[in-house]
Visitor: 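A single structure is presented below for examination.
Numbers here simply count residues along the sequence, with the first being 1.
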Amino acid sequence: MSHKLQVGEMSVAYLTDKDIWSHFNYIYSPKSKNSTTYKFVLIKSIIENLYNVNDKLELSYDRIFSSFAKIYWNLVIHHDLNQINMVGKRAEVQNVLLSLQEKHGIPNSLVFDKLSNELQVDTIMKVKKKCKINVMGAIYGDTSGAIYDFDNKKEFIKINSSFYSFMQRFQKVLTYVTNYHLALFLEKFNEQGDTTKLLLSVENVSKRTSLDHFYYVLESFYGGECFYCGKKIKNKSNSHVDHFIPWSFVQADQLWNLVISCSTCNLAKSDKLAKENYLSALIDRNNQILGMTDMRGREDMQIYTPSKLEQLYHFSIDNGYTDFWTPIASD
Ligand SMILES: [Zn+2]
C-alpha cells in the first residue's frame, strides 16, 4: 500500500487486543521499513492528543502536528539528533527545521516552546505540509487501514473505536515501548549527536519548559489558595502549576487538567494521583471555567467534558497509578 495516499478509509470496524498488539509489533519490527523516526513520533503525537479527540474520535492535523513539530524540533535542534537511517542524509522534516533555524538564526539550545508564537505556528504549518504526504499514509499502510481513517483534504484522522479503547487501557506501556524504539533507532544512526542519556531525553522531549501562562489564567481561582491543602499562596515563587493527572501519564498540558498548588503539595504529590474527592473539585472548577465567556472559547476547553476527565482518571488507575495521595492535615 502506498504511503502517498491522500485519503484512507478504515478497513475494519472491530479489532481485538491481539490484533492491535500484532499491528504494533509490526510497526516496531524491521519489516515495516522505518527509514526515519516519523512513525514513532506520529504515535507519540497521537498518544499526547488522546484526550483531544471530539465525540466522533476525530483528531485534527493541527493538534497532531503541533505535537509532532515540537517533538521533532527538540530532537533535531535541541538534541542535535539525526532522524534517518543513512549517514550524511537528513529526513525531510529535519531539513525543514534546520532551514527555519538557519533563516532565523536560532541557537541549538532553544527548545520549541521558547520560540516566538509566530515561529511556532509557521513551523507547525511547514511540518504538517511535509508530513501529510510522508507520514499519515505510512502507519495506515502498515496496519492495512485498521486503526484510523485519514483525510488529507479535511486534515483529520478518525480513530477506530477499539483502537482508541486499547490506547487508553495501555497508554503507559505504549508510551514506554514507543520511547524505547525511538531511542534505539536514534542510538543506531547517531554517532556524534547527543546520545548520552538518550532514553531520558526521548522521554522528556514533549515536556514544556514553562507553564507560567497557565498560572496567570488560574491564579484567581480558589481565592488564591492551594487546590489541595487550601493554604494561601503568597506569591508565584512558592507555588506550582500542577498536572492533576500526572504529566508522566498524560504527556500534555491542558487547562482542564492543571491546578495551582503550593510547593509542599506539588512535591509530595509528585507522580501520584490525588484522591477521588479532588476529582470532583476539579470538575467543579472546570464547570466554572466553562461558564466564563472569555475562557470557554479556549482550544483546550472546547474538547473538554467532565466525563473525559473522569475517564482519564480511571484509565490512569488502570495503567498503574494506584498510589493515591492526599495532603497531610497540618493545622
Ligand atoms: Zn498545598
Side-chain angles (χ1 to χ4, degrees), residues 44 47-52 67 165-180 197 199-212 214-215 217-219 221-222 224-234 236-289 300 304-331:
K44 274 179 81 60
I47 293 175
E48 240 183 64
N49 285 290
L50 211 53
Y51 289 84
N52 283 333
S67 296
S165 137
F166 179 91
M167 298 269 277
Q168 287 182 305
R169 284 179 288 121
F170 300 109
Q171 182 176 344
K172 188 72 191 171
V173 73
L174 288 173
T175 304
Y176 280 138
V177 171
T178 309
N179 286 342
Y180 171 75
K197 298 181 184 154
L199 189 55
L200 197 67
S201 309
V202 166
E203 278 174 346
N204 287 313
V205 85
S206 297
K207 223 170 200 166
R208 299 263 171 212
T209 48
S210 166
L211 297 172
D212 279 0
F214 290 105
Y215 179 88
V217 177
L218 294 172
E219 66 178 334
F221 288 87
Y222 289 93
E225 288 170 354
C226 170
F227 175 76
Y228 300 106
C229 70
K231 250 185 238 146
K232 196 93 196 146
I233 284 169
K234 291 185 194 81
K236 194 168 147 284
S237 65
N238 65 8
S239 72
H240 288 265
V241 175
D242 179 77
H243 290 85
F244 177 75
I245 308 285
W247 185 86
S248 63
F249 186 61
V250 288
Q251 313 254 308
D253 315 308
Q254 286 128 335
L255 186 67
W256 50 269
N257 185 43
L258 296 170
V259 297
I260 293 182
S261 81
C262 68
S263 304
T264 317
C265 285
N266 180 265
L267 281 173
K269 179 175 173 276
S270 177
D271 209 19
K272 298 185 247 335
L273 212 51
K275 280 215 168 124
E276 199 151 356
N277 54 315
Y278 291 100
L279 174 64
S280 334
L282 184 55
I283 289 174
D284 290 347
R285 199 280 317 261
N286 287 338
N287 283 341
Q288 214 180 320
I289 291 180
D300 48 3
Y304 168 79
T305 57
S307 68
K308 208 170 248 186
L309 179 56
E310 277 165 2
Q311 270 188 33
L312 185 55
Y313 188 84
H314 292 292
F315 279 114
S316 54
I317 300 170
D318 287 353
N319 275 269
Y321 288 77
T322 48
D323 193 2
F324 297 97
W325 174 83
T326 194
I328 303 157
S330 50
D331 21 87

Visitor: Hey, mind stepping through F324 and K272 against side-chain contact (heavy atoms from CB on, under 4.5 Å) and telling me if it holds?
Guide: CA-CA 6 Å; F324 297 97; K272 298 185 247 335; over 6 Å; no
Visitor: Counting only heavy atoms not in F221 (residues, nucleotides, ligands), do more than 12 fall under 6.0 Å from its CZ?
Guide: yes
Visitor: Before we go on, tell me: are the rings of F244 and Y278 under 6.0 Å apart, centre to centre?
Guide: no
Visitor: Does the side chain of E219 reach to within under 4.5 Å of the side chain of K236, using non-hydrogen atoms?
Guide: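 In short, these two side chains do not touch, never coming nearer than 4.5 Å.
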Visitor: Residues in side chain to side chain donor-acceptor pair (under 3.5 Å) with T178, at least two apart?
Guide: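 So T178 forms a side chain to side chain donor-acceptor pair (under 3.5 Å) with Y28.
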Visitor: Answer whether the closest heavy-atom distance between the side chains of L211 and H243 falls below 4.5 Å.
Guide: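 Yes, side chains in contact.
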Visitor: Determine the minimum heavy-atom distance between S237 and S263, stating which atoms define it.
Guide: O-OG, 4.5 Å
Visitor: Can a donor-acceptor pair be found, under 3.5 Å and without considering hydrogens, that links the side chain of Q171 to the backbone of F249?
Guide: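 It does hold such a pair.
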Visitor: Would you give the length of the straight line joining atom OG of S261 to atom NZ of K231, rounded to the nearest 0.5 angstrom?
Guide: 11.0 Å
Visitor: Has Y215 got more than 12 heavy atoms of other residues, nucleotides or ligands less than 6.0 Å from its OH?
Guide: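 More than 12 within 6.0 Å, yes.
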Visitor: Please report the interatomic distance NZ(K269) to SG(C262), rounded to the nearest 0.5 Å.
Guide: 12.0 Å
Visitor: Out of D300, N49, N52, which one pairs with Q254 under the side chain to side chain donor-acceptor pair (under 3.5 Å) rule?
Guide: N52
Visitor: Where the side chain of Y304 meets the backbone of N257, is there a donor-acceptor pair that is under 3.5 Å apart?
Guide: no
Visitor: One pair to check against side-chain contact (heavy atoms from CB on, under 4.5 Å): Q168 and D318. What are the steps and the verdict?
Guide: CA-CA 9 Å; Q168 287 182 305; D318 287 353; over 6 Å; no
Visitor: Where is the tightest heavy-atom contact between A281 and Y222, given as atom of each residue plus distance?
Guide: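 A281 and Y222 have their closest heavy atoms at O-OH, 3.1 Å.
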Visitor: About how many Å separate CG of N204 and CD of Q251, when rounded to the nearest 0.5 Å?
Guide: 8.5 Å
Visitor: Do Y228 and D242 have side-chain atoms, one donor and one acceptor, less than 3.5 Å apart?
Guide: yes
Visitor: Can you confirm whether L309 sits close enough to L279 that some side-chain heavy atom of one is under 4.5 Å from a side-chain heavy atom of the other?
Guide: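 Side chain of L309 against side chain of L279, heavy atoms only: contact under 4.5 Å found.
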Visitor: Could you grab the distance from atom CG of D284 to atom CD1 of I289, nearest 0.5 Å is fine?
Guide: 11.5 Å
Visitor: Would you check if the side chain of K207 reaches a backbone N or O of E203 as a donor-acceptor pair within less than 3.5 Å?
Guide: no
Visitor: Mind checking what makes side chain to side chain donor-acceptor pair (under 3.5 Å) contact with E48, not counting sequence neighbours?
Guide: S67, K70, S206
Visitor: Is the backbone N or O of K172 less than 3.5 Å from a side-chain atom of N319, with the two atoms forming a donor-acceptor pair by type?
Guide: yes
Visitor: Give, for atom CD1 of I328 and atom SG of C265, the distance between the pair rounded to the nearest 0.5 Å.
Guide: 9.0 Å
Visitor: Is there side-chain contact between N286 and P306, with heavy atoms separated by less than 4.5 Å?
Guide: no
Visitor: Would a 4.5 Å heavy-atom cut-off, applied to side chains only, mark I260 and F214 as touching?
Guide: no
Visitor: If we only count heavy atoms from C-beta on, is the F227 to L282 side-chain gap below 4.5 Å?
Guide: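 A side-chain contact under 4.5 Å exists here.
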Visitor: Check whether any side-chain N or O of Y51 sits under 3.5 Å from a backbone N or O of K308 as a donor-acceptor pair, and report yes or no.
Guide: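 It does not hold such a pair.
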Visitor: Atom SG in C226, atom NE2 in H240: separation rounded to 0.5 Å?
Guide: 10.5 Å
Visitor: Are P246 and L273 close enough that some pair of their side-chain heavy atoms sits under 4.5 Å apart?
Guide: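 Answer yes - side chains close enough.
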Visitor: Taking side chain as C-beta onward, heavy atoms only, is I233 less than 4.5 Å from E225?
Guide: no
Visitor: Measure up the F170 and F166 rings against each other and bin them: parallel (under 30°), tilted (30 to 60°), perpendicular (over 60°).
Guide: tilted
